[in-house]
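Residue numbers begin at 1 in each chain, while the letters A, B, ... track the order of the sequences.
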Amino acid sequence: MSRYNPKEIEPKWQAAWAKSGISEAKDFDPKREKYVMLTEFPYPSGSGMHIGHMREYTLGDIMARQKRMLGYNVLFPMGYDAFGLPAENYAIKNHISPQQATEEAVANFQNQLESMGFSFDWSRSFKTTDPDYYKWTQWLFLRFFKAGLAYQAEIAVNWCPFCKTGLSNEEVINGRHERCDTVVTKKLIKQWMLRITDYADRLIKGLDTLDYPSRIADQQISWIGKSQGAEIKFAIVDQKDLSISVFTTRPDTLYGATFMVLAPEHPLVEQITTKEMKAEVKNYIESSATKSELERQSSEKNKSGVFTGAYAYNPATKEKIPIWIGEYILMGYGTGAIMAVPAHDERDFEFAKEHHLKIKYVVKPAKGELRDDLPFINEGVVTNSSPKYDALPSSTVREKIVTDLTKSGQAKERVNYRLHDWIFSRQRYWGEPIPIIHCPKHGAVAVKDEDLPVLLPEVENYEPSSNGESPLAAIKEWVNTSCPICGLPSRRETDTMPNWAGSSWYYLRYFDPHNSSAFADPAKLKYWGSVDLYLGGMEHTTLHLLYSRFWHEFLFDQGLVPTPEPYLARRGQGIVLAADGTKMSKSKGNVVDPKEVIDSGYGADALRLAITFLAPYDQTTPWSPEALGGTYRFLQRFWTLVDQYLDSKAAATKDDTELKKLINRVGKQVSQDLEQMSFNTAIAAMMEGLNGLYKLKAADHFKSKDWQWALETFTKLLSPFAPHLCEEIWQRLGNKQLIQLEQWPGYEERWLKQESVSIAVQINGKLRGELNLAIGKSQDEVVASALADPKIQAHLTGKELKRVIYIPDKLLSLVV
RNA sequence: GCCGGAAUGGCGGAAUUGGUAUACGCGCACGACUCAAAAUCGUGUUCCUUUUAGGAUUGAGGGUUCGAUUCCCUCUUCCGGCACCA
């Protein structure tokens, strides 16, 4: 007798796997098909990982291990996204350097990951903070710069007053910075931008070629926010050289445009405002400038505004229409100005009511009456416009009107995106320095490729300053340099890249992590191609996942990568909530630490099974500590069964078709479930299988000679899920080679045939009986057996049989 | 408001070309072992009733069908995303 003791066997096998190198992928392996699988690139934070993080890696590891057994050359790498705010803020809080904070956090993460027994290819691991790596991040940035896709612009950016840095739109969630939850303000600073909007259409179209769940694709599409419309020019009265362009999706309502509204930040506001209105307008602009995005949104229904005193000509009616300023117009969308059509837009309608402006209906419903107390926002029939357009459907007029106005240069078709260019500068220390030198003569100049990397200097003071400059600006000997073109004294760019930079291309580096002459060898890029399966959290859908696709598409256009998209399939795992159904968080003290679970005696295998068995992988679900007891018991029961088998002195004599059937059934279920990533039911199938094995043991006391085969096969099936226990049992059953090198057993169809089957009998749709019959009976035979059954007879007496429906070997439905 | 997803026992969940609802696990109850407890093993466990049986039941209501957790319509609630987007 021996006891299942995970504390003893788990470290032993972890060491054995590391020594054997079985998890390492082989470049250019001609014998096996390659399979690249990625789990998210974690940023090492001081608090370590909780079991929610482990869900993703556990699922990945199960798949990687099974794929290896199926004969694939699996690349399953891991590394650390170590630049960025989490590490830096943690360092500041604990008064240590970001370098030290990162080192400690990585060591902790490494320890946690290793204790779970994940089969990562550690030989390919790296951190984004390694100069060998960020050299290439800088090099890739310069490809964007040289292609004109990285540019500087002075714009009002989202500014986090706590982190003292500008942010991208994607990093602002509900008006707050996603990292620290501080309310974001606006600040006008010169920023580096990446022209992601050039790829907006590609990012949408590319989704058609990818296997992403619809919730991810839909989210990306709605984030990009494509809308088709027109840009229309409005001339300003008494200001010959000035005009205001607006974007509209409803040019068919142009005749109903009775006023215009500009965003308070619109550049033309100052020029067009009349003397009389100057003071009032200035007031309004100042009051809206002090509001944060969050405050502006909270006054949603309030349609505040002020008249500029100026007028524009409606290009269709030639009427003079007043130009207003209103907070509800956003500078960041379209042109920051609108033609207001109060009769056909709810917001314009409210604004018109509030400020007593003219409302003119120019579209009426095809059927029914117009109501003059409501805006009519649907499609309909054009009216009250011009004889050319009246009585035509609004959808037809939409195109006609643009075509007509285009001839006179007053309009053009335009596609507008909600997506903005990516604000790429951070005024922080802990990031890749942007490899640009500002020369008084040549402006922004790229650092020469051979001078990369631009090393991040070590500093005394890395805390952010509030003047909108990175701490790097204070290091004179680093900042002051000479122009790479003319040699004139010049200044280095002092902003750094966002933490999303290094993660935008990291998967490519796994293909060739130690290359010092290129970001990756083209031959290796070609061999590994794309990521076959990428597991990750839903929260990255419009951040990392979108950014990263953009980088890859750009690199493809540059001829630097052979594939148009980085990730062929994406799956998002659900969040593991705390047992009380709330989110795990350090402040609530409800975080479950995997290390504690392992050390408490349950071990990594039971934890891996518990996380996986909890619910379908993509479902958000609360953690249940009791589930751990269940999966531990299951493993222990398997251990005990094997132990009893090894102790038994039974002479193995007879064949046992029951064992064959049982194990093949489990093999089929587990194989199919893994293919569909239905991990929880795969485990259920194995639990059922173990229950079955116990029943058969009770019957024959290991007398069948198939027991060795049955236990070995079961061990193989369980090994991706509980690798340590299975490795140990595999060896105890007398095998020398690691189980990870075995072939996936699958199943043989011939053992799955059944000789008899239970057939349900329904009468008028209600279950009335069950027949145990040999397989393959004809309808007449089954009906005859049913009629002979006394229970069924009882329900049929005095009734006439009207109809018989027979589903072979399954069900008989009688209608009386 | 718009776009996605979901709702099944005390709990997590299972069931897809429409065919025996509640697999598997947890919890609970009873029993065995034990001086006792834990652990382990065994049995039972959707609800109701007049319990050799009958009836109800997959968020609510309706429809299609011999038959609906599954398909269609209406509604409720919850989760995720977007949101004054012109």
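- Taking the ring centroids of A:F351 and A:F259, they lie under the 6.0 Å cut-off.
- Here A:I329 lies in heavy-atom contact (under 4.0 Å) with a base.
- In this structure, A:Y694 atom OH and B:rG42 atom P are separated by 8 Å, rounded to whole Å.
- You'll find that the side chain of A:R347 is closest to B:rC84, out of B:rG25, B:rC84, B:rG12.
- Counting non-hydrogen atoms under 4.0 angstrom, A:D348 reaches nothing in the nucleic acid.
- The side chain of A:L811 lies closest to B:rG19 when the candidates are B:rG19, B:rA23, B:rG4.
- Residue contacts shown for A:P616 are limited to sugar-phosphate atoms, with no base heavy atom under 4.0 Å away.
- Across all strands, A:I805 comes closer than 4.0 Å to base atoms (heavy-atom distances).
- Considering every non-hydrogen atom in both A:H544 and A:E40, the closest pair reads CD2-OE2, 3.9 Å.
- With both pairing distances under 3.5 Å, B:rC84 is matched to nothing as a Watson-Crick or G-U wobble pair.
- Considering only side-chain N and O atoms, A:R768 lies nowhere under 4.0 angstrom from the phosphate OP1 or OP2 of B:rU20.
- The partner of B:rU17 is absent, by the rule that a Watson-Crick or G-U pair needs both atom distances under 3.5 Å.
- Of the P atoms belonging to B:rU8 and B:rC79, the separation is 15 Å, rounded to the nearest Å.
- Base pairing annotation: B:rG4 forms a Watson-Crick or G-U wobble pair with B:rC79, both donor-acceptor distances under 3.5 Å.
- For A:K303 and B:rC84, a side-chain-to-base donor-acceptor distance below 3.5 Å is present, hydrogens and geometry of angles not being considered.
- Counting non-hydrogen atoms under 4.0 angstrom, A:R414 reaches nothing in the nucleic acid.
- Here the side chain of A:E770 is nearest to one of B:rG12, B:rU20, B:rG4, namely B:rU20.
- Summarising the geometry, the separation between CZ on A:R418 and P on B:rG81 is reported as 14 Å, rounded to the nearest angstrom.
- Closest approach to the A:F613 side chain among B:rC26, B:rU20, B:rG12 is made by B:rG12 (side chain taken as heavy atoms from C-beta onward).
- Side-chain atoms of A:T640 and base atoms of B:rU40 include no donor and acceptor less than 3.5 Å apart.
- At a threshold of 4.0 angstrom between heavy atoms, the contacts of A:D218 are confined to the sugar-phosphate backbone, with no base atom among them.
- Counting atom types as modelled, A:Q762 pairs a side-chain N or O with a base atom of B:rG19 as donor and acceptor under 3.5 Å.
- Within 4.0 Å (heavy atoms only), A:T335 reaches no atom of the nucleic acid at all.
- Neither OP1 nor OP2 of B:rG19 sits under 4.0 Å from any side-chain N or O of A:K766.
- Checking each of A:Y4, A:F613, A:F638 against A:Y632 for a ring-ring contact (aromatic ring centres under 6.0 Å, His included) leaves exactly one that passes, namely A:Y4.
- The base of B:rC82 lies outside donor-acceptor range of the side chain of A:S222, with no N or O pair under 3.5 Å.
- B:rG44 is paired with B:rC28 under the criterion used here, namely a Watson-Crick or G-U wobble arrangement in which both key atom distances are under 3.5 Å.
- Checked by atom type, the side-chain pair A:R414/A:Q228 shows no donor-acceptor distance below 3.5 Å.
- Within 4.0 Å of A:T621, counting heavy atoms only, lie sugar-phosphate atoms of the nucleic acid but no base atom.
- Which of B:rA86, B:rA14, B:rG19 sits closest to the side chain of A:K810 comes down to B:rG19.
- Projected onto RNA chain B by closest heavy-atom contact, A:Q219 and A:G334 fall at different nucleotides, the more 5' of which corresponds to A:Q219.
- Geometrically, A:R3 does not engage A:W639 in a cation-pi contact, judged by NZ or CZ lying under 6.0 Å from the ring centre and within 45° of the ring axis.
- Partner assigned to B:rA36 is none, using Watson-Crick or G-U wobble distances below 3.5 angstrom.
- Residue A:E354 qualifies as enclosed at atom CD: its count of foreign heavy atoms under 6.0 Å is above 12.
- Distance from the side chain of A:N680 is smallest to B:rG13 among B:rC26, B:rC85, B:rG13.
- In a base pair of the Watson-Crick type (N1 to N3 plus N6-O4 or O6-N4) or a G-U wobble (N1-O2 and O6-N3), with each distance short of 3.5 Å, B:rU65 is matched with no nucleotide.
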